[in-house]
Amino acid sequence: MKNRLRVLRAERQWSQTDLANRLGVSRQTVHAIEAQKYDPSLPLAFKIGKIFSLPIEGIFSPEEL
Amino acid sequence: MQLRDNDIARRLIVLPLASGFLAVLVAYVLRKREQLPAFLRFGLALAPILPMAVALVLFHKSIEQLDELQRRIGFEASLFGFLATALLVLAYGMFAKAELLPDLSVAHAWPFLWILMWLLWAGALGLVRRRYR
């Protein structure tokens, strides 16, 4: 799964720690999602969407698309 | 509030390792059990159980505070530690049956099994963490 998390975070000038605190997860988890080494659960994906005011498909997309 | 990695490592590694070390000492002392009164042997036998019980409670509390990735990492490391220990014990047992290794009793081997299991778990934890870095 590809995602635009790093770009969206940079646009808001948030550090990984800032985003991690907003999501209630560790910085390692934010880093792993951004590096596309870990796909978040649906609840966490919805939380990410809410924080960036975007639908999930506006942040995450399948690898083949 | 998320636990930092160092907090988790300290809670999950140090206490069980300390307990394992204590268990080895107790096992060594109990080898000369004929010289010790029964109540002292009872106390010594219980000694490693207390830190393990504390470790179990801390382990449970730590899991509650982990996020989903940390839980996955912990699960993968625990599974590896458990299965790798089972594999090594099975292998040792087969070689012992074939009379290629000494036939150790569980009473003598268990302190080392604890240490082996926790070392394998800690090693696996490091490797799995690296995968998500």
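Numbered from 1 within each chain, the chains take letters A, B, ... in sequence-line order.
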Same cluster for [X] and [Y] if Ile/Leu/Val/Met/Phe/Trp/Tyr side chains link at under 4.5 Å?
X: B:Y132; Y: A:L19; value: yes
X: A:F52; Y: A:F60; value: yes
X: A:L5; Y: A:M1; value: yes
X: A:F46; Y: A:L54; value: yes
X: A:I51; Y: A:V25; value: yes

Next on the checklist: Run the side chain to side chain contact (heavy atoms under 4.5 Å, CB included) test on B:I73 and A:Q28 for me, step by step, so that the C-alpha distance in whole Å, both residues' side-chain angles and the decisive distance to 0.1 Å come before the verdict.
Outcome noted: CA-CA 11 Å; B:I73 291 170; A:Q28 181 192 20; 3.6 Å; yes
Review point. Which heavy-atom pair separates B:L69 from A:A32 by the least distance, and what is that distance?
Key: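 Heavy atoms only, the tightest pair is CD2-CB, 3.6 Å.
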For a quick test of reading the model, state the closest non-hydrogen atom pair linking B:R133 to A:H31 and the distance between them.
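Heavy-atom minimum between the residues: C-NE2, 3.2 Å.
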Interatomic distance, CG@B:D67 vs CG@A:L23, rounded to 0.5 Å, equals 9.5 Å
Rounded to the nearest 0.5 angstrom, the CD1-CD distance for A:I33 and B:E68 is 6.5 Å
**Study point:** Over 12 foreign heavy atoms within 6.0 Å of CD, A:Q13
**Key:** no
Q.
At a 4.5 Å cut-off on heavy atoms, which part of A:P43 comes close to chain B: side chain, backbone, both, or neither?
A.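 Contact with chain B involves no heavy atom of A:P43 at all.
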Honestly, the part of B:R72 sitting under 4.5 Å from a heavy atom of chain A is side chain
